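See structure below.
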There are 2 protein chains.
Amino acid sequence: MSERPPTIYDVAKAAGVAASTVSRAFARPGRVNFATAERIRRVAAELGYRVSPLARGLSAGRTSMIGLGVADIGNPFYTEIIRGAQDAAAEAGYTLLVTDARESGAREREALERAVTTVDGLVLATSRMSDSAIRAIAKQRPVVVLNRAVTDVPSVLTDTADGMRRVVEHLAGLGHEGFTYVAGPEASWADGMRWRSLRELAPGSRRLGPYAPSVPGGGAAAADFLRAPSSAVVTYNDAMAIGLIRRLTVMGVRVPRDVSVVSFDNVEAAELVTPALTTVATPLRAMGRTAVVNVLAIANGAVPHTTEPMVLPSRLVVRASTARREKGGGRAVWEGPAPHAERRRNRTSPAWGTTNASGSSRRTADGSR
Amino acid sequence: MSERPPTIYDVAKAAGVAASTVSRAFARPGRVNFATAERIRRVAAELGYRVSPLARGLSAGRTSMIGLGVADIGNPFYTEIIRGAQDAAAEAGYTLLVTDARESGAREREALERAVTTVDGLVLATSRMSDSAIRAIAKQRPVVVLNRAVTDVPSVLTDTADGMRRVVEHLAGLGHEGFTYVAGPEASWADGMRWRSLRELAPGSRRLGPYAPSVPGGGAAAADFLRAPSSAVVTYNDAMAIGLIRRLTVMGVRVPRDVSVVSFDNVEAAELVTPALTTVATPLRAMGRTAVVNVLAIANGAVPHTTEPMVLPSRLVVRASTARREKGGGRAVWEGPAPHAERRRNRTSPAWGTTNASGSSRRTADGSR
DNA sequence: CAACATGTGGCAACCGCTTGCCGCTCCGGC
DNA sequence: GCCGGAGCGGCAAGCGGTTGCCACATGTTG
């Protein structure tokens, strides 16, 4: 629209200097005499000049953009990662280019291939690509993968074993013993880790699935679960826990009275649903940030000392979806009203602002029943 | 990392043709003899050649990227918009560049200025910038604004008046009469529209706020609301409704038994919380899609016939946060001192029921998503 | 058979900015 | 007075494509 935007040549002419000087005035502070630079800046502002990232990127070889590949931009799991990445990128003067694979491996490849030449570095969150495909990309640009370990590629992940240990301890402390793991996507590296950790910590555990890592997916697990129930369930992620709990509720099984449910991730909705979810908080934001910081470091010449994964700690957020196991609960818990035993739960303070509402609201609901 | 990626010149040499032919083989199907093009493509594939979007953008003047500016990429309100935009962009072979203002007007300007030269068109979702700032950008690139009307700039918005009419009819049908509007951000165009519509349709309505358009923001409104309650509340958006309901519940006011709450947007969480929200479904996805389709049309030469806003229909999704108003209630459930009792009586006598059987299950499923 | 349209490929001039290299000026030191 | 260096600005060659224009070979047409 309107006339063509001004270039450094227009500015140069107006300021009576060479184009190279204008370029340097913007990109190389100190290289140009201060007064000159000042004048150039003034003239540029008057003309409404802005550098063209395209041209700059083409000639300089750096674009100040870093890419973040996610499977689904709308998935709440990623939103915190995106925020963390965004923060770190912005702080470093970089623009974050989020590419959405929309749950398709093919699309992921395509989008990434398009982006790879455009960005100075790439963060891959929960990629569906093969290790070798990732390594191929890592040959062209600095890459950091999230939530997954790929040999020879730097990665940041959370301490699954530790998180699961907390889960098991928490549940055991409430009197639960046999656990059911409701699995997410088979291709998921994290899913494998979680199940493996659980089985190691609680050898008697069983596994259901895989199911889609979504609310409906969790719902689908309900019927299977009831076929061979246990007093406590661990789900792959929060969405599945929500789906499972809803479905169970419809079927007359009360959570947490009859069944305790623990999930992973601690997405925002985990606190909003009823019952609020007891969940292992994956440090999503920190992961996004860490990944970007590192990819930037590598892009700017830092040789990664090691490709050992960076492991971030996780913590258990206890809310209302877990409770002490009812005595005499040896029988199928959903078959009738559970005994109204006194129960009490120690909860850690929720990580979110606004809260105590979840706690109180739950207590209210119970009391008025 | 590794050696420099191949260019058209490398491909040209390997294929024994001129660089321009290579370029055309990729960008101008049909312009080159099929056999030649085929050979070039093969050689290119062997070499692992990919076009550089940067270089292409620089010389061709088009980048096949379109920008989408949002206030907060993690806000569920935007996720559906993003998805819709993403879909439309992908279908047209464009890449979507989402820029996140992170709730800051300054950042929005900065990010947009950086992006504007990079993209072929821009969609502004709920911008915080002034009309004139938007028009300035619209002079440089095709722009479509969402959820807001800016003279001389194409826009797509939802039929607020119609949506509000449904709300009022729904509530009236349940026996409610005096409404309270819990307002969102003052700068929000949509907020103004919603309040204005409500006041026109139900002149007796009152307005509370503004509050932050978030869960805590809605919670903050609870106390104010109880100071001069009504039997039905309309909130600016879903997040506020969730916050309000939670806070009210803590204070002993039951929703929907004591107070009915209707909100706007129908974000994903609206269905997951308890009680599930009765809400006006803003066609988020369709808006994103429509905006992109139109900005693309303009970018590709279509002269907008008119800058009349494109208005998308909205619909009311009835769930569990609204219920029939109880007759003969009348006693304030919250029992605390009600400072403005006098005024309250003059308005609408709040009738908190005591015998409502309306339960937690939602009455109407909103199957489609 | 001449005149001309059509299909293909090459040449070279950009697109807007960066940067290595050069040259001029000015200064201080010997 | 001469020399080396620092400071500062200009020149010009790219970066990797795109595209207007031209040239040549063939096919068509009258």
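Quantities reported herein were computed from a predicted structural model and do not represent experimental measurements. Sequence lines set the chain letters: A, B, ... in the order given, protein chains first and strands last, and positions in each chain run from 1. Only this structure's heavy atoms are used, side chains among them; waters, hydrogens and symmetry mates stay out.
By the 4.0 Å N-to-carboxylate-O rule, A/E110 lies close enough to A/R114 to be salt-bridged with it. Between B/E268 and B/R83, at least one side-chain nitrogen of the basic residue sits less than 4.0 Å from a carboxylate oxygen of the acidic one, meeting the salt-bridge criterion. A salt bridge does not link A/R289 with A/E80: every distance from a Lys NZ or Arg NE/NH1/NH2 to an Asp or Glu carboxylate oxygen is 4.0 Å or more.
To the nearest 0.5 Å, atom OG of residue B/S59 and atom CG of residue A/L54 are 9.5 Å apart.
Under 4.0 angstrom from either OP1 or OP2 of C/dG7 there lies no side-chain N or O belonging to B/N33. Remark: B/T36 is in phosphate contact with C/dG9, judged by side-chain N or O atoms under 4.0 Å from OP1 or OP2.
Following rounding to the nearest Å, B/E38 (CD) and C/dT8 (P) show an atom-to-atom distance of 14 Å.
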Listed pairs under 3.5 Å, donor-acceptor, residues 145-153 of chain A side chains, sequence neighbours left out:
from, atom 1, to, atom 2, distance (Å)
A/R148, NH1, A/S127, O, 2.9
A/R148, NH1, A/M129, O, 3.1
A/R148, NH2, A/M129, O, 2.7
A/R148, NH2, A/D131, OD1, 2.7
A/T151, OG1, A/R135, NH1, 3.0

### Query
For every nucleotide of nucleotides 10-18 of chain D, 5' to 3': is a protein heavy atom under 4.0 Å from its base (B), only from its sugar-phosphate (S), or from neither (-)?
BBB-BBBBB
